[in-house]
Amino acid sequence: DQQVKQNSPSLSVQEGRISILNCDYTNSMFDYFLWYKKYPAEGPTFLISISSIKDKNEDGRFTVFLNKSAKHLSLHIVPSQPGDSAVYFCAAASYNTDKLIFGTGTRLQVFP
Amino acid sequence: KAGVTQTPRYLIKTRGQQVTLSCSPISGHRSVSWYQQTPGQGLQFLFEYFSETQRNKGNFPGRFSGRQFSNSRSEMNVSTLELGDSALYLCASSLGTGNEQFFGPGTRLTVL
């Protein structure tokens, strides 16, 4: 049972435009959500997180939006840069554990 | 501050052998978690340790085990290796629950 889903396996965006990566979850008990960026053969790099009590968190070019009623979160990257090309994973967790439940990832390609 | 380190980076074993992977967390981090990444299953949680205690375990067979030492360094062991154990094994550390986890570069295990 996939508790965290990323339904778009890939996304292609032109440099300078907005990239929107989506993530859906089924467990309403998750307390916080995270986004990670990953290059092949490397460990994931933490990007941004959001608590379930918030609906938006912003850090530079990255903004995460959380819609609890829809059990949906999204990561916005503005403006997109070629260096953003990577696989992006969303993850969910509860406050009583460090166990992260990962989505299947979305491969973002930013072209000039 | 040094990041999470994992050794070895690459490992080749044959079926039936056993393997031990090592992880050194970021200084001051007491929580260490392990994940397995495969093309088919994505990032799957293995186990989580805090102050030398296993706090959570993923849905993996008993051949997978781990431990944490008093200096927070952690090891995971896989016995009686199977072809399907070929994967990237990732270690992550954090200050504790509710804080973002930082990942190491991973150990690429190939079972022949």
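Since we're looking at a predicted model, the values are computed, not measured. Letters A, B, ... mirror the listed sequences (proteins, then strands); counts begin at 1.
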Open item on the list: Between B/Met76 and B/Val4, is there shared hydrophobic-cluster membership here, with clusters defined by ILVMFWY side-chain heavy atoms closer than 4.5 Å?
Closed with: no
Task: Proximal component of A/Thr104, with respect to chain B [non-hydrogen, under 4.5 Å] - done: neither
Task: CZ (A/Arg17) with more than 12 external heavy atoms under 6.0 Å - done: no
Open item on the list: Working to the nearest 0.5 angstrom, can you tell me the gap between B/Glu100 CD and A/Asp98 CG?
Closed with: 10.5 Å
- [ ] Sort B/Gln37 into side chain, backbone, both or neither according to what part of it lies under 4.5 angstrom from a heavy atom of chain A.
- [x] side chain
- [ ] To the nearest 0.5 Å, tell me how far B/Phe103 CZ sits from A/Lys38 NZ.
- [x] 10.0 Å
TODO: Give a yes or no on whether the backbone of B/Gln101 and the side-chain of A/Tyr36 come within a donor-acceptor separation of less than 3.5 Å.
DONE: yes
Task: Leading residue by heavy atom contact count with chain B [cutoff under 4.5 Å; candidates A/Phe89, A/Phe102, A/Tyr95] - done: A/Phe102
Task: Contacting region of A/Tyr32 [heavy-atom separation from chain B under 4.5 Å] - done: side chain
Task: Closest heavy-atom pair and its distance - A/Glu42, B/Leu90 - done: O-CD2, 4.5 Å
Open item on the list: Is there a continuous path of hydrophobic side-chain contacts, each under 4.5 Å between heavy atoms, that joins A/Ile48 to A/Val13?
Closed with: yes
TODO: Tell me, yes or no, whether the heavy-atom count around B/Asn59 atom CG, taken from other residues, nucleotides or ligands under 6.0 Å, exceeds 12.
DONE: no
Task: B/Tyr35 side chain vs A/Leu100 backbone, donor-acceptor pair below 3.5 Å - done: yes
Open item on the list: Let me check something: do B/Phe47 and B/Phe50 share a hydrophobic cluster, defined by ILVMFWY side-chain heavy atoms less than 4.5 Å apart, either directly or through other members?
Closed with: no
